[in-house]
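Per chain, numbering begins at 1; letters A, B, ... match sequence-line order. Since this is a predicted model, take the numbers as computed values, not measurements.
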Number of protein chains: 2
Amino acid sequence: MTPPPAPPRRASPSTVRRLSLYLRALDTLAAEGVGTVSSQGLAERSGTTPAQVRKDLSLFGSFGRRGMGYEVPDLLHRVRAILGLDRRWPVALVGAGRIGSALFAYPLFRERGFEIRAVFDNDPAKIGSCREGLEVRPVTELPCLIRERGIEIGIITVPAHAAQAIATVLVESGVRGILNFAPTRLHLPPEIEVNEVSLSMELEALSFALAARERP
Amino acid sequence: MTPPPAPPRRASPSTVRRLSLYLRALDTLAAEGVGTVSSQGLAERSGTTPAQVRKDLSLFGSFGRRGMGYEVPDLLHRVRAILGLDRRWPVALVGAGRIGSALFAYPLFRERGFEIRAVFDNDPAKIGSCREGLEVRPVTELPCLIRERGIEIGIITVPAHAAQAIATVLVESGVRGILNFAPTRLHLPPEIEVNEVSLSMELEALSFALAARERP
DNA sequence: CGATGTGAACGCGTTCACAGCG
DNA sequence: CGCTGTGAACGCGTTCACATCG
């Protein structure tokens, strides 16, 4: 009888991560034509527990039917909406090196609604060349193009020493969220969302775990 | 007077992540020729708090001098050892697509001691071609080469539907740690260390945060 | 003095257990 | 009866505060 709780502005980072996992699992289930799934079933496919699944979802509303579970197409739609994937997100890519080009071609981004609408680089050899049909532009044109194309998310794949300057310009041009692949900490206003992806950190976590096992 | 605590086999994932950040900061400090740093200074450069820095480090020993702080070269060496980076790690890359090739060329891996010693793919168009001087081999040769070259870490950058089979073969061939870029959950024995990197999850976390701010 | 190292207090995410409803 | 939704209990990582020592 209580209306679904107003979407909380802040869910814990772990919850948001798991919502992504649920979405992935629901995509698979929908593709398999499965109509209904229990918290148990979702938990198994996402590597968590049934209680955790129910707790996470209940933060945003009551999407299941007692005794039945969750309807896959409905829950899929709900989780997409919760994650903000019920719209398109124009994205800019700064850095047209190997990692940047790889991300550009990553099909899952587009499937989720992320559309790379601008690519920037300062290397004269790259400017003017194309990535998947989009021309690489010099960074000087960044502010203008970001605004013109309504871009709100920037992906940084430039060398560490250049990342802070790029981030600052992105924010000044209207970007509100940044995915940073450069191995350096960015200093930005607190209202800007920053997500750091450190590839070497991931390998180092493996290294730590493997080395820990060999210690006397 | 108490000897440094025996290195704990299990530190929390957050602690390990932060150790990587400290290492990065220490690298920079050393390059700048800074001789000493306080927990305060390290915290500022890593985006955490002084108390957190001291707690993290004290898990592994007493590396500082009261009233002085930490000596940068010494701490650098210690943190590298804690993370298991005082040795070389032979790595295999499975999947010579865009992401795989980008990782291959990522200089920070080699700087940290990770050496890609084998590259595999099943695409006949790629087999025999080279990535940074290493020849791409078919997956059929994987078990043999993994063993021959003493590889303990595998990086998976194949499509989701192929990832589980690859992971199983890697483990059967002696790999103990896996970095998985494929958007699928791997089922492996518990003694195997698995680290999932989900690029779309990172973007979805941004999308969630930005969308949450726009809600009424 | 100044900054580390650390037990204790705190807060928060996870887990539990059961009430509630189809 | 089955499974969800959820308050309460729990455990753990973070923060605090201070004793400690160069």
Side-chain angles (χ1 to χ4, degrees), chain A residues 1-22 26 29 34-72 74-75 78-79 82 205 208, chain B residues 1-22 26 29 34-72 74-75 78-79 82 205 208:
Chain A
M1 198 51 46
T2 40
R9 303 201 179 268
R10 295 180 56 91
S12 80
S14 340
T15 297
V16 179
R17 284 183 57 89
R18 285 192 299 268
L19 287 171
S20 281
L21 293 176
Y22 304 154
L26 288 165
L29 287 165
V34 177
T36 289
V37 67
S38 64
S39 59
Q40 169 100 272
L42 255 186
E44 280 164 10
R45 292 181 178 250
S46 324
T48 181
T49 66
Q52 186 75 76
V53 170
R54 297 200 298 275
K55 208 21 149 222
D56 287 336
L57 295 178
S58 73
L59 270 174
F60 302 92
S62 296
F63 308 140
R65 293 195 199 166
R66 306 192 190 224
M68 294 290 277
Y70 303 87
E71 275 181 41
V72 171
D74 176 63
L75 189 58
R78 304 268 201 175
V79 174
I82 291 167
F208 172 84
Chain B
M1 198 53 43
T2 40
R9 306 203 178 268
R10 294 179 55 91
S12 79
S14 339
T15 297
V16 178
R17 283 183 58 90
R18 283 192 300 267
L19 287 171
S20 281
L21 294 176
Y22 304 155
L26 288 164
L29 288 165
V34 177
T36 289
V37 67
S38 63
S39 59
Q40 170 99 271
L42 256 186
E44 279 165 9
R45 292 181 179 251
S46 324
T48 179
T49 67
Q52 186 76 75
V53 170
R54 297 199 300 273
K55 194 53 133 199
D56 287 336
L57 295 177
S58 74
L59 271 174
F60 301 92
S62 296
F63 307 140
R65 291 193 200 166
R66 305 190 191 226
M68 294 290 278
Y70 304 87
E71 275 182 40
V72 172
D74 176 63
L75 190 57
R78 304 269 200 174
V79 174
I82 291 167
F208 173 83

Undergrad: Using a 4.0 Å cut-off on protein heavy atoms (strictly under), produce a 5'-to-3' string for nucleotides 15-22 of chain D with B for base contact, S for backbone-only sugar-phosphate contact, and - for none.
TA: B-B-BBBB
Undergrad: Whole-Å distance between C/dA3 C1' and B/Tyr70 OH?
TA: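 Checked: the OH to C1' distance equals 8 Å.
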Undergrad: For B/Leu75 and C/dA3, give me the distance from atom CG to atom P, rounded to whole Å.
TA: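 Nearest whole value for this atom pair: 16 Å.
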Undergrad: In this structure, how many angstroms lie between the C1' atom of D/dC3 and the CG atom of A/Leu42, rounded?
TA: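 From A/Leu42 CG to D/dC3 C1': 13 Å.
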Undergrad: Would you say B/Ser14 reaches D/dG13's phosphate, i.e. side-chain N/O to OP1/OP2 under 4.0 Å?
TA: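 No, outside the criterion.
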Undergrad: Starting at atom CG of A/Leu57, determine the distance to atom P of C/dT14, rounded to an integer number of angstrom.
TA: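 Whole-Å distance recorded here is 13 Å.
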Undergrad: Which residues pass the side chain to side chain donor-acceptor pair (under 3.5 Å) test with A/Arg66, not counting sequence neighbours?
TA: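 Side chain to side chain donor-acceptor pair (under 3.5 Å) check on A/Arg66 returns nothing, list empty.
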Undergrad: Not counting sequence neighbours, which residues clear side chain to side chain donor-acceptor pair (under 3.5 Å) with B/Ser12? List them please.
TA: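 Per chain and number, B/Ser12 pairs via side chain to side chain donor-acceptor pair (under 3.5 Å) with B/Thr15.
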Undergrad: Rounding to an integer number of Å, can you tell me how far B/Arg18 CZ sits from D/dT14 C1'?
TA: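 It works out to 8 Å between those atoms.
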Undergrad: Rounding to an integer number of Å, can you tell me how far A/Gln40 CD sits from D/dG5 P?
TA: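 Between P of D/dG5 and CD of A/Gln40: 15 Å.
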Undergrad: Whole Å only: how far is the CG atom of A/Leu19 from the P atom of C/dG13?
TA: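 Distance check: A/Leu19 CG to C/dG13 P gives 14 Å.
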Undergrad: Give the table of side-chain donor-acceptor pairs shorter than 3.5 Å for residues 38-45 of chain A, with sequence neighbours excluded, one pair per line with atom names and distance.
TA:
unit_1: A/Ser38; atom_1: OG; unit_2: A/Gln40; atom_2: N; d: 3.4
unit_1: A/Ser38; atom_1: OG; unit_2: A/Gly41; atom_2: N; d: 3.1
unit_1: A/Ser39; atom_1: OG; unit_2: A/Arg54; atom_2: NH1; d: 3.1
unit_1: A/Arg45; atom_1: NH2; unit_2: A/Glu32; atom_2: OE1; d: 3.3

Undergrad: Taking side chain to side chain donor-acceptor pair (under 3.5 Å) as the definition, give me every residue that meets it alongside A/Tyr22, ordered by chain and number, with sequence neighbours left out.
TA: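 Expected list: A/Asp56.
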Undergrad: Applying salt bridge (Lys or Arg N to Asp or Glu O under 4.0 Å), can you list everything that pairs with B/Arg78, at least two apart in sequence or on another chain?
TA: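 B/Arg78: salt bridge (Lys or Arg N to Asp or Glu O under 4.0 Å) contacts with B/Asp74.
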Undergrad: Does some side-chain heavy atom of A/Val79 sit less than 4.5 Å from a side-chain heavy atom of A/Leu26?
TA: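 Yes - at least one pair of side-chain heavy atoms lies under 4.5 Å apart.
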Undergrad: For A/Pro13 and for B/Ser38, locate the closest nucleotide of DNA chain C by heavy-atom distance; then report the residue assigned to the nucleotide nearer the 5' terminus.
TA: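 Closest to the 5' end, via its nearest nucleotide, is B/Ser38.
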Undergrad: Which whole-number value in Å describes the distance from A/Phe63 CZ to C/dC21 C1'?
TA: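 In whole Å, C/dC21 C1' and A/Phe63 CZ are 18 Å from each other.
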